[in-house]
Amino acid sequence: MAEWNISTPTTEYYDHTSPDLHKIVAEVADTPEVAIDTETTGLTVWRDVPLYWSLAWGTRRMTLNVSALPYFEEVFRMPNKRWIFANAKYDTHILANVGVHIAGELADIQVQHALLYDDRSHSLKDINEELFGWRWADFQDTFGRITKKQSAEDRIRRAENENFPLLVEYAANDAWGTLQCYIELSKQLQNAPTHSLFRNSPPYIETLWDLYQKVEVPYTKVLWKNERNGVLIDEEYIAKIEPIARQEIQALEKAINREAGRVLNPNSTKQLQDYFFGKLQLQPLKMTKGGKSGVRNPSVDKGFLEHYAATVPMANHVLQHRSLTKLYGTYISGIKELMDPHGRIHTRYNQDVARTGRLSSADPNLQNIPKAEKDKWKLRGAFIAPKDRELIVADYEQLEMRLLACASLEPGMCEVIHKGWDIHMGNASMIFGYPYEEIKEAKRIEKEVKKGNLPENALTARMHECLIARDTVKTLGFALIYGMGPDKLARALKITRAEAEAKIVLFNDKYPAIEQYAQDAVRETMETGYAFTVLGRRRNLPQIASHRKDERMQAERQARNTPIQGSAADVVKMAQLVLDQLGLDVRYDCHSQMQVHDELMHECPKEGTEFLKAEIKMFMECPFSEHLAVPLAVDAGSGHSWLEAK
DNA sequence: TTAGCGGGCGCG
DNA sequence: AAAGCGCGCCCGCTAA
């Protein structure tokens with residue numbers, strides 16, 4: 001009858017009154033690997049609690065009432081157990097909310113699945129369908145849709161009364177499906193050989209199982225701690241900005257309506273297109289992609305608006321309106337709902353979404369908060385340390401460039417790094433021939449002029465040339481390895497296409513190993529089907545053999561980029577693991593609370609700041625040190641807020 | 001009323 | 001003919 005390739009034993013049910021409960025507790029205590037899942041009041045990790053939970057091992061599957069949870073407390077404290085989850089961080093937050101802390105290992109089938117099949121969905125139900133052809137009704141189909149009026153708790157409570165067996169079956173399916181996936185995916189990981197991007201690679205990664213078990217499993221707990229700690233938000237700071245921001249936005253909207261002579265919503269792409277290209281008959285600079293319908297329209301993006309900002313008042317107004325409303329919606333009016341009762345926000349770090357192995361961050365996304373230079377309200381100033389504590393912010397200096405040097409072994413670039421030169425100034429010197437000291441001096445003078453300590457004319461024409469060379473080479477480096485075309489490069493550098501092409505030729509002439517690396521990366525991906533990182537993480541790129549040229553070219557650019565971006569992610573990940581293993585939290589009350597790709601933020605007692613800053617810097621610089629052709633460098637600062645610490 | 005998509009844009 | 005990569009969020013628009 002069943003179409004799926006999986007058996008589903010009869011489901012057991014227990015609560016605190018079940019006479020056999022002590023037997024189950026004893027059995028779980030004797031079982032080394034147990035799958036577990038929770039059904040909860042909602043999805044907010046710092047607030048919601050379990051209502052039911054389910055277990056599966058061997059041929060047993062059961063749903064338990066939350067009232068049975070306390071009887072397992074000792075079992076959860078046992079250190080040598082492996083608890084198998086689908087999205088381990090979520091369930092362990094929910095359990096921690098009722099005082100249950102898991103000492104054993106946190107296995108996660110979503111993380112496993114992401115290592116093997118980076119380009120597919122990693123949700124529990126999708127994985128089961130993919131592996132076994134087994135799909136059971138999801139939460140919504142079982143309990144009804146969660147809306148503003150009907151919470152997850154409401155839905156489950158109703159099922160409790162109306163169709164209890166259905167609830168019991170649903171919860172047990174989740175744990176059972178998780179267990180079956182774990183068994184299958186573990187096998188597949190063990191049978192998946194991999195290798196490092198570098199020949200002199202870390203020797204401890206031979207299969208994807210090694211990567212999973214040695215890196216990703218402990219990393220889940222590190223992320224859990226980061227999420228749990230959260231970051232303190234200065235509520236007064238936000239409250240002070242809010243009315244000012246709202247007023248500025250309203251003033252701009254008034255100006256826009258006056259200019260248009262009617263009500264014009266500046267957030268509407270369509271209305272803007274009508275205005276600029278219909279009413280004003282402006283010349284489009286480029287077209288949008290067209291999307292599903294394939295209808296390409298003239299773009300009203302930032303580039304277009306900036307082009308007309310000086311001559312068309314509306315363009316200038318819309319430009320300002322965009323940057324203000326973006327910040328307001330996301331970080332001023334939006335952030336309050338995400339704060340816990342102690343004023344902290346708890347972002348979710350997603351370990352299995354970015355194809356390169358990077359993290360992503362959501363609710364809120366802490367990885368795209370504006371930099372201070374661009375942000376008139378200085379939102380980073382709202383991220384603070386509590387009284388008597390301090391924030392330490394440490395970030396890698398040009399991590400991707402250093403890894404590119406390692407991957408390409410380009411002698412010029414390696415030399416620049418070994419000399420301890422600033423990478424972009426050094427590269428500019430190597431490629432355009434200006435003496436390094438002269439570029440450095442030009443940069444110094446520029447800084448003084450900007451500060452107002454020196455007059456404008458302190459910057460000579462020659463110095464100006466030096467600075468242009470430095471900016472050019474910085475853009476060139478990123479552009480070329482990732483496959484940017486000469487057209488876009490010309491636009492980025494504000495030069496002609498012919499000039500851009502000449503600069504590309506010069507760059508490749510002086511740094512030939514860079515383009516060689518890129519070609520090797522593409523060739524390896526064509527041969528193996530994968531792009532590899534330093535830890536042997538691999539990204540499936542089947543489109544590299546596509547007969548469609550645009551698809552193939554995109555895959556080629558991804559094949560160039562992934563080893564660098566992914567290896568950078570590996571480095572930071574290893575650094576976080578090392579810092580966690582040092583036990584800075586238990587030994588010095590110093591807690592990691594944020595990762596922004598190449599930057600880590602810790603919160604510590606004020607008096608420990610200087611020591612801990614040095615400690616963090618040292619251990620961030622050490623991952624893979626014996627395997628890399630050039631050293632890594634970390635810049636660490638501290639302060640009361642994110643703004644001050646940088 | 002809601003879901004999904006696309007445009008646009010912030011970060012590294 | 002045209003070509004950086006990787007994310008998440010806001011908004012408007014459209015379909016159901």
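Below, chains carry the letters A, B, ... as their sequence lines are ordered, and counting in each starts from 1. Basis for what follows: all heavy atoms, side chains included, without hydrogens, waters or symmetry-related copies. Note that the coordinates shown come from a computational prediction; the quantities given were computed from them, not determined experimentally.
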Side chain to side chain donor-acceptor pair (under 3.5 Å) between Gln593(A) and Arg344(A): does it pass, once the steps are laid out?
CA-CA 11 Å; Gln593(A) 50 182 7; Arg344(A) 300 185 86 100; 3.3 Å; yes
Can you tell me how far [atom2] of [N] sits from [atom1] of [X], to the nearest Å?
{"X": "Gln320(A)", "N": "dG10(B)", "atom1": "CD", "atom2": "P", "answer": "13 Å"}
{"X": "Asp301(A)", "N": "dG10(B)", "atom1": "CG", "atom2": "P", "answer": "11 Å"}
{"X": "Gln595(A)", "N": "dC11(B)", "atom1": "CD", "atom2": "P", "answer": "17 Å"}
{"X": "Leu600(A)", "N": "dG12(B)", "atom1": "CG", "atom2": "P", "answer": "14 Å"}
{"X": "His597(A)", "N": "dG10(B)", "atom1": "NE2", "atom2": "C1'", "answer": "11 Å"}

Treating Glu621(A) as the side-chain partner and Val634(A) as the backbone partner, does any N or O pair qualify as donor plus acceptor under 3.5 Å?
yes
Does a donor on one side chain and an acceptor on the other come within less than 3.5 Å for Thr496(A) and Glu499(A)?
yes
Could you check whether Thr220(A) and Gln351(A), counting side-chain N and O atoms only, form a donor-acceptor pair closer than 3.5 Å?
yes
Can you name the residues that form a side chain to side chain contact (heavy atoms under 4.5 Å, CB included) with [X], not counting sequence neighbours?
{"X": "Leu541(A)", "value": "Thr525(A), Ala531(A), Arg539(A), Gln558(A), Ala559(A)"}
{"X": "Asp487(A)", "value": "Arg497(A)"}
{"X": "Ser360(A)", "value": "Asn350(A), Val353(A)"}

Close side-chain approach of Asp340(A) to Ile345(A), heavy-atom, < 4.5 Å
no
When all nucleic acid strands are considered with a 4.0 Å heavy-atom cut-off, which category describes [X]: base, sugar-phosphate, or nothing?
{"X": "Thr562(A)", "value": "nothing"}
{"X": "Ala479(A)", "value": "nothing"}
{"X": "Asp550(A)", "value": "nothing"}
{"X": "Arg497(A)", "value": "nothing"}
{"X": "Arg355(A)", "value": "sugar-phosphate"}

Is the gap between the ring centers of [X] and [Y] under 6.0 Å?
{"X": "Tyr331(A)", "Y": "Phe383(A)", "value": "no"}
{"X": "Phe304(A)", "Y": "Phe276(A)", "value": "yes"}
{"X": "Trp46(A)", "Y": "His93(A)", "value": "no"}

5'-most contact on DNA chain C: Phe478(A) or Ser360(A), nearest heavy atom basis?
Phe478(A)
Please check the phosphate of dG8(B) (OP1 and OP2 only) for any side-chain N or O of Ser299(A) closer than 4.0 Å.
yes
Would you please confirm or rule out a distance under 4.0 Å between OP1 or OP2 of dC9(B) and any side-chain N or O of Arg322(A)?
yes
Which nucleotide span of DNA chain C, 5' end to 3' end, has atoms closer than 4.0 Å to non-hydrogen atoms of chain A?
dA1(C) to dT14(C)
Scan residues 112-124 of chain A against DNA chain C and write down, sorted by residue number, each residue with any heavy atom closer than 4.0 Å; if none is found, say none.
none
Counterpart base for dG10(B), defined by Watson-Crick or G-U wobble contacts under 3.5 Å:
dC7(C)
Can you tell me the base-pairing partner of dC13(C)? Count Watson-Crick or G-U wobble geometry only, both distances below 3.5 Å, and say none if there is no partner.
dG4(B)
Indicate yes or no: does Arg380(A) engage Glu373(A) in a salt bridge with an N to O separation below 4.0 Å.
no
Sorted by number, the residues of residues 371-379 of chain A with heavy-atom contact under 4.0 Å to DNA chain B
Lys371(A), Lys374(A)
